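Residue numbers run from 1 in the order of the sequence given. No experiment lies behind these values; they were computed from the predicted model shown.
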Amino acid sequence: IVRRPAPRDQVRAADPAARDRLERLGLGHLPALGDQSFRQHERAQEEALAAAAAEAQREVLPGLGGGAHGGPPLRARADWTLPLGASRLQATLGFERNRRRDFEDAAAPAGSLGLVSTTYTVDAHLHHPMLGPFAGIVGMSGQHTGFAKFGEETLIPDTRANDLGLYAFEQTDVGRWSLALGARYEYRRLAVDQDTVIGVAAQTRTWSSVTGNVGVLYHVAEPVALVLNLGRGFRAPSSFELFSNGVHEGTLAFERGNADLRTEKSLNTDLAVRVVTPNVLAEVGGFVNAIQDFIFTVPTGATDSASGYQIFDVTQGDAVLAGLEASLDVHPTSYLHLHGTADYVHGQNTTTHEPLPSMPPFRATYVLRIEPGSGRWFRDAYLSIGGESNARQTRLNPAEAQFFAAAFDGAGYQSRPYTLVNLAAGFGLPTAGGRYVFPLDIEERIDERERRLLARLERLTALHEASLQADANPAAGDPGGDGQ
């Protein structure tokens with residue numbers, strides 16, 4: 001429930017089947033102290049609503065492979081602000097629909113696996129007047145996600161999930177001390193349709209939990225402050241983790257869910273030192289998250305005879321995620337901005353006393369951004385040059401180590417460090433009604449060995465090669481020409 005950046009987001013990216021391990025993303029998460037201003041909370045709420053829809057898409061549309069076709073997601077959003085005397089009510093409604101199809105080969109008249117996800121989100125929170133020394137908000141949030149599949153193949157059953165959250169967040173300042181308190185009740189209901197192909201009976205599951213956090217900030221001396229956050233987290237297993245039983249094209253694996261999964265519960269702690277001046281913002285901190293019934297996937301060492309893909313099982317065990325995070329922002333002039341981060345996470349399965357699988361290695365990011373300002377013919381121009389460097393992961397789960405040793409028909413595979421270079425530029429053209437912005441983004445891997453590895457992965461199986469051919473000629477797999 002205490003949302004922090006970097007390595008925990010990397011964990012989610014490294015193992016998309018276990019989304020949001022440390023807290024329920026979206027639906028009104030409670031901010032950590034030091035990020036707790038109400039305007040920052042509102043921005044966090046907006047990001048959370050968008051992330052909730054994106055997470056729902058990743059859960060039910062799990063990264064289809066090279067043969068996946070689909071138009072861009074259909075999105076809509078509306079925001080309201082209503083003054084109520086000394087209070088203020090803010091509300092946001094969101095909608096997203098995503099449709100994907102996967103083709104077995106370029107000549108296939110229709111997709112073999114189709115997935116449709118529809119997500120509705122709502123958030124409303126009231127900024128109440130001062131209650132003694134406390135200022136804060138109370139709110140509710142909800143999300144409905146409907147999933148339906150079509151085509152010959154199946155991966156998970158049709159489901160409908162409803163989430164409801166009620167939350168409150170209060171803060172106060174006393175001398176050098178700042179205190180923040182938050183609490184949240186969450187309810188989740190998952191309705192599952194019968195699917196005889198993968199052996200799932202019609203059922204309804206419900207989960208509920210009360211979570212909370214407390215944060216303390218102490219101003220040691222200007223401009224230095226210490227920040228401590230303690231929080232309790234909760235996450236119900238997703239339908240993908242519970243019921244998947246088939247080829248997952250996005251990971252090139254045959255994945256089997258676990259209908260007996262329990263909810264994840266966590267106790268999250270982070271401590272940081274923060275320095276804030278007009279031109280510099282620096283923070284160094286560490287975190288420890290003890291998670292009961294942590295959900296993850298592991299290779300079994302067996303191969304599915306029909307697809308030729310390795311079989312991965314969803315399982316769980318108690319775990320501890322600990323790590324370090326650092327960030328630095330420097331603004332030497334009004335037009336020059338420097339930003340850098342570094343993070344590392346150490347994941348340990350405390351049930352089996354083994355490293356957790358899919359853990360990200362040490363990572364560092366760096367960005368130089370130049371903003372020359374506005375002129376007569378343009379506005380808000382910028383040029384950004386940055387990069388991301390990832391170290392080699394040497395701490396593997398034993399099942400992972402065995403899986404990589406047998407990769408490429410026994411030739412084996414070892415991860416290598418790599419770097420991404422990112423270039424971005426943009427500017428606005430002034431008009432009578434405002435401005436138009438024209439962005440340009442380029443992302444390039446400068447490690448040629450990583451490029452060769454990715455090319456080799458794309459040729460792992462004939463199925464994937466056929467998918468790549470379908471990508472090169474989408475009309476052959478989509479005679480209707482609907483772009484879906």
Side-chain angles (χ1 to χ4, degrees), residues 1-12 20-45 47-48 51 125 133-139 141 165 167-186 209-220 223-235 264-276 281-292 294 319-329 341-347:
I1 200 165
V2 178
R3 178 162 171 76
R4 304 296 296 163
R8 274 167 269 196
D9 292 335
Q10 280 188 280
V11 171
R12 283 189 288 271
D20 256 348
R21 309 180 182 290
L22 306 180
E23 65 262 339
R24 291 286 297 165
L25 182 61
L27 304 181
H29 75 270
L30 301 174
L33 187 68
D35 304 316
Q36 86 284 29
S37 75
F38 295 139
R39 185 165 297 278
Q40 286 174 318
H41 175 74
E42 291 162 8
R43 288 198 297 266
Q45 287 294 113
E47 295 171 359
H125 54 272
F134 287 94
I137 60 174
V138 292
S141 56
Y167 59 91
F169 175 73
E170 305 293 330
Q171 65 176 19
T172 186
D173 297 318
V174 181
R176 292 189 175 188
W177 296 86
S178 295
L179 175 66
L181 301 170
R184 176 178 175 81
Y185 169 78
E186 184 159 358
S209 178
V210 176
T211 56
N213 71 335
V214 57
V216 178
L217 183 147
Y218 176 67
H219 295 275
V220 179
V224 181
L226 294 176
V227 183
L228 173 67
N229 286 284
L230 301 174
R232 180 181 183 272
F234 156 84
R235 187 180 77 88
E264 292 181 348
K265 286 81 62 181
S266 64
L267 180 62
N268 310 313
T269 306
D270 63 79
L271 177 66
V273 178
R274 183 173 299 144
V275 178
V276 181
L281 170 60
E283 182 172 333
V284 178
F287 63 88
V288 177
N289 300 288
I291 307 174
Q292 182 182 356
F294 181 77
V320 172
L321 296 178
L324 299 172
E325 301 169 328
S327 64
L328 176 66
D329 288 274
T341 68
D343 51 68
Y344 172 76
V345 60
H346 177 281

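With hydrogens and angles left out, the side-chain atoms of Asp173 and Ser178 include a donor and acceptor closer than 3.5 Å.
A search for side chain to side chain donor-acceptor pair (under 3.5 Å) contacts involving His346 returns Arg395, not counting sequence neighbours. Not counting sequence neighbours, the partners of Leu271 by the side chain to side chain contact (heavy atoms under 4.5 Å, CB included) test are Leu228. Applying the side chain to side chain contact (heavy atoms under 4.5 Å, CB included) criterion to Val210, with sequence neighbours excluded, gives Tyr185. Taking the side chain to side chain contact (heavy atoms under 4.5 Å, CB included) definition, one finds that Leu267 meets it with nothing, sequence neighbours left out. In this structure Pro133 satisfies the side chain to side chain contact (heavy atoms under 4.5 Å, CB included) test together with Thr172, sequence neighbours excluded. The side chain to side chain donor-acceptor pair (under 3.5 Å) search around Ser209 returns Arg232, not counting sequence neighbours.
Here the CG atom belonging to Leu324 is positioned 9.0 Å from the OH atom belonging to Tyr344, to the nearest 0.5 angstrom. Taking CD of Glu264 as the reference point, atom CG of Asn289 lies at 11.5 Å (rounded to 0.5 Å). Between the CZ atom of Arg235 and the CZ atom of Phe294 there is a distance of 8.5 Å, given to the nearest 0.5 Å.
Side-chain contact check for Thr269 versus Asn229: every heavy-atom pair is 4.5 Å or farther apart. Between Leu179 and Val214, some side-chain heavy-atom pair lies under the 4.5 Å cut-off. Annotation: side chain of Phe287 is in contact with side chain of Glu325 (closest heavy-atom distance under 4.5 Å). By the 4.5 Å heavy-atom criterion applied to side chains, Arg274 and Val284 are not counted as neighbours. Within the 4.5 Å cutoff, the side chain of Tyr167 has heavy atoms near those of the His125 side chain. Looking at heavy atoms from C-beta onward, Ile291 lies out of side-chain contact with Val320 at the 4.5 angstrom threshold.
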Checklist entry - Please walk me through it: do Trp177 and Leu217 pass side chain to side chain contact (heavy atoms under 4.5 Å, CB included)? => result CA-CA 6 Å; Trp177 296 86; Leu217 183 147; over 6 Å; no
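At distances below 3.5 Å, at least one donor-acceptor pair connects side-chain atoms of Arg176 with backbone N or O atoms of Val220.
Here the closest heavy-atom approach between residue Thr211 and residue Gly233 is recorded as CG2-C, 4.0 Å. The two residues Arg184 and Gly165 have their closest heavy-atom pair at NH2-CA, 3.5 Å. Minimum heavy-atom separation, Ala282 to Leu328: CB-CD1, 3.8 Å.
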